[in-house]
Amino acid sequence: MGARNLTMMKRGDSARVLAVDGGHPSAKRLADLGFIPGATVEMLHPGTPCIVKLAHARLGLSACLQGSVLLAPQSFEAAGSAPPQRREPEPLVEVPRLARA
Amino acid sequence: MSTGVAVPLTTLPSPRLWTVALVGNPNTGKTTLFNALTGFRQHVANYPGVTVEKKTGRLRAGELKSAIDILDLPGAYSLNASAADEDVTLRVLLGYESTTPRPDGIICVVDASNLQRNLFLVSQILELGCPVVVALTMSDVAARRGEVVDEAALAASLGVSVVTVLAHKGEGMDRLATALDAALKGQSNSHCLKFPDCICSALDHLESAPHEFAARTGGTAACHHPCRAELLQTLLNPAGIVEGHLSRRCDARLIAAMQQHRDQLRAEGVDLPTIEAEVRYCWIDEVVQRVVRKTGAARVAMSDRLDRVLTHPVGGLLVFLALMALVFQAIYSWATPVMDLIDGGFGALGGWVEGAMAEGALRSLLVSGVIAGAGGVLIFVPQIVILFLFIAVLEDCGYLARAAFVLDRHLRKLGLSGKSFIPLVSSFACAVPGIMASRVIEDRRDRLITVLIAPLMSCSARLPVYALMISAFVPARTWLGGWIGVQALTLLGMYCVGIVAAVAVAWVLKLTVGRGASPVFLLELPNYTRPQAKTVFYRTYHAGREFVMNAGTVILACSVIVWALGYYPRPVSLHAQYDARREAAEKALGDSPDRADQLAAERARIDQAEAGESLRQSYLGRAGRWIEPVVRPLGWDWRIGTAAIASFPAREVVVATLSTIFNLGADSDEESSALREALRSATWPDGRPLFGLPVALSLMVFFALCCQCVSTLAAIRRETNSWRWPVFAFAYMTTLAYVGALIAYQVAA
């Protein structure tokens, strides 16, 4: 299965960010807003533009931005499979540690 | 304001004036806080070269000794500027803005209900080495969601004072002022996050590089030594604002070294665009875990439920259209009584001046130039106030972001984004507030295109022209029991002419002036909140004030110039000639009292004829006859041409000018049947009727498309900060109007 991105999410789906396409001109802006590896996004309103929930913010994104946010496939949670109560975003423990040798 | 002078604080004479910048993410309650801190002592200006508002205000600091000016900077998510307004924030904070001294301190507004994202900017601000105080807003919203932010723990984590404020209730203001005072007088310790070693060593090298260069060349290190925060922003953000600034101020070798380090980092596998975010959010997560306490279960936010309807592609559009209908209904119906009052007031003032003063140039200047000119524009103040009231309410409650979201997909086809809609819709009332409303658009290119096409929306000043022409020359035929009429359809057609032209021009501009990728739409949809009366009031007040100031300066000056061109020269012989006619009438009719009415009518006729003849011989009239060959293909004679020239200050002036030229008093309005009759009976020198449906259509199309409006041009000048764009708008719209009128006339004839 190829890389997934925000365009493939349905209403209510949530997933974890794998990476932001570094070649996109708005990559830094997206990263600064919190689209970093490990962050949880929830699709509130699919389509173009779409609305996603990131941490506590609701963000409207145009099509070209949606394609540049890549998602970890195994983290996909379809709307139906989510527990009935609302999940709080978990602490982002999976952020790769940055200590480089 | 003396900043940047290296004088020890103790020797400074007190009280000293400090400048403190108010910084924060958009939608954090920054404006509410600014209004609460400064009250009415605000000053709004524009930053030179950009169209971003610069708001300053004096802090209302009760018992504080120091005087503090608060500078409200545009909302920004990050110091890596991506929009024109974020750009300003960065430039001011780093001291690059020549007209604004680098602030002495920073109040960083942090939204407690969205702590993670807000702390990103805070962590960047803390590295600037400037005294910082954090103002924590929206703690009530966070509490409703079951979260409490521990003020003391946050202060300990950040190393700066944190004050919880509820600006709309005025809570925490005194504590904020005290903390600010202490921070300004205390030591500021710049805090720096631990970046990966490879980045740290690159920064170390770049920091010492200027000294090395200086030592190598044997000269002094005269050029700018960038601080570590500047170096970091340059290293990770190629071709950003900071790099642009450094490449002008620093040794070229520094930029070259920077590029080498970037290449090396990339080779080591560092993702330059995201590394900063990864490091900062990693730190932020630790801070959030320490300072946020959960107090209860989270409830589904009301905002999410509302958004289901309001951002729905169909439902959202319907709600939007209904709201716009309400706004326009309000603009027309609420404003009318006040506008009539203003109109009546200026009419009465003019009449009073006319009666109180002897006839002469000064009286004519006051009545025709000043009162008619400025009054003609001030009459629109109620509409502007109502429009801005609605925009302020809709924006403050969070709806405007949703409207932009819903309309984005439709405007995208024109190369615009959702943010252009409000300015364009506002322009149906008046292009001036429409152009002012374009400030909500971040993208410079979008904003420019929006500003340039906004005047094509048929504004209320075109209505008098349409009303006059349609009632005089369009047959009043109706179908379906009077529900559909040719006259109403013609009026609708005129509105469509403007919209179609705007769509075409936007499309052409997209391909030429605004070349580039399709605009990126990235918009935060804030929580719905109850609009703050104070915020709404200040917005409306400033918009209204700005409009009145404009009417008092540019528009007044233009009215006076047109008046002078239409008044001078006044040959004595002409006046004498009409005096002789008046005397003759007096002799013929003055002896018997029962002919008094007839005499008065005769006098009025002679006065009107004199006014018409003197206009014909004025500079304006001469210019009109000179341009006649140009307007002839449109079916116009010199009189219509003159009226068009004279309407340069405002389109509605054309009705007054037409009526003067066609030998009526200059005060008759578009409802005047006498003016309609005069237009119908006007002829060419060879006796053919001058007006007809083709001429009426060409005149209407001309006014639908032309830019005969000084206030619009002045607004474009102010919003783009350049004469280039108003000149361009005037040129393209006049060309479009001429071609449109030509086609209308030639096809209809």
Side-chain angles (χ1 to χ4, degrees), chain A residues 11-12 17-40 42 44-66 68-69 84-101, chain B residues 77-78 80 82 113-117 120-121 142 145 194-198 236-237 240 268-282 285 288-289 294 297-300 303-304 307-308 311-313 401 404-405 408-409 412 417-418 517-527:
Chain A
R11 186 185 295 275
V17 175
L18 184 68
V20 172
D21 173 12
H24 194 278
S26 297
K28 184 134 182 63
R29 198 169 172 204
L30 287 168
D32 289 357
L33 283 171
F35 288 96
I36 50 162
T40 306
E42 186 189 336
L44 295 180
H45 179 104
T48 49
C50 70
I51 305 177
V52 296
K53 191 159 210 175
L54 177 73
H56 287 305
R58 259 176 249 99
L59 296 167
L61 302 178
S62 56
C64 64
L65 294 174
Q66 288 172 46
S68 70
V69 177
Q85 76 273 28
R86 192 172 201 83
R87 283 162 297 112
E88 280 300 312
E90 296 154 37
L92 305 173
V93 284
E94 287 151 46
V95 174
R97 287 291 140 180
L98 296 150
R100 278 163 218 265
Chain B
Y77 292 112
S78 159
N80 309 301
S82 45
S113 70
N114 194 354
L115 200 58
Q116 263 122 329
R117 223 261 323 280
F120 184 88
L121 181 66
R145 215 172 36 208
K194 176 84 180 87
F195 272 82
D197 290 343
C198 53
L236 301 178
N237 202 10
E268 286 177 44
V270 175
D271 188 20
L272 287 183
T274 56
I275 187 74
E276 183 186 3
E278 288 181 42
V279 172
R280 294 195 192 280
Y281 278 108
C282 190
D285 286 331
V288 168
Q289 280 185 336
K294 306 258 180 217
R299 280 174 290 167
V300 176
S303 296
D304 289 345
D307 270 348
R308 290 233 156 187
T311 62
H312 190 273
F405 178 83
D408 178 70
R409 80 184 70 201
R412 194 153 285 275
S417 78
S518 115
V520 165
F521 181 69
L522 176 49
L523 179 72
E524 186 177 7
L525 306 176
N527 281 319

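In what follows, every chain begins at residue 1, and chains take the letters A, B, ... in the order their sequences are listed.
For the atom pair B:L523 CG and A:R58 CZ, the distance stands at 11.5 Å (nearest 0.5 Å). Taking CZ from B:F405 and SG from A:C50, the interatomic distance works out to 6.5 Å, rounded to the nearest 0.5 Å. One finds the CD1 atom of A:I36 at 12.0 Å from the CZ atom of B:R280 (value rounded to the nearest 0.5 Å). We find the CD1-CD distance between A:I51 and B:E524 to be 11.5 Å, quoted to the nearest 0.5 Å. Rounded to the nearest 0.5 Å, atoms CG (A:D21) and CG (B:D271) are 9.0 Å apart. The CG atom of B:N237 lies 12.5 Å from the CZ atom of A:R29; values are rounded to the nearest 0.5 Å.
Of the candidates B:T311, B:L525, B:D307, A:H45 forms a side chain to side chain contact (heavy atoms under 4.5 Å, CB included) with just one, namely B:T311.
Proximity to chain A is limited to the side chain of B:R308, based on heavy atoms less than 4.5 angstrom apart. Using a 4.5 Å cut-off between heavy atoms, A:T48 touches chain B through its backbone atoms (N, CA, C, O) alone. With a 4.5 angstrom heavy-atom cutoff, A:L30 touches chain B only via side-chain atoms. The contact between A:L65 and chain B is made entirely by side chain atoms (from C-beta outward), counting heavy-atom distances below 4.5 Å. Only the backbone of B:S113 comes within contact range of chain A, judged by heavy atoms closer than 4.5 Å.
Among the candidates A:G34, A:A63, A:G47, the residue making the largest number of heavy-atom pairs closer than 4.5 Å to chain B is A:G34. Per-residue heavy-atom pair counts under 4.5 Å with chain A were compared for B:P313, B:A401, B:S78, B:A404, and the maximum is reached by B:S78. Each of A:D32, A:L59, A:L54 has some count of heavy-atom pairs under 4.5 Å with chain B, and the biggest count is that of A:D32.
In this structure A:F35 satisfies the ring pair (Phe, Tyr, Trp, His ring centres under 6.0 Å) test with no other residue, sequence neighbours excluded. Remark: B:F120 engages B:Y281 in a ring pair (Phe, Tyr, Trp, His ring centres under 6.0 Å) (not counting sequence neighbours).
Side-chain contact check for A:H56 versus B:N527: every heavy-atom pair is 4.5 Å or farther apart. At least one side-chain heavy atom of B:L522 sits less than 4.5 Å from a side-chain heavy atom of A:L33.
When every heavy atom of A:A31 is checked against every heavy atom of B:P273, the shortest pair comes out as CB-O, 3.9 Å.
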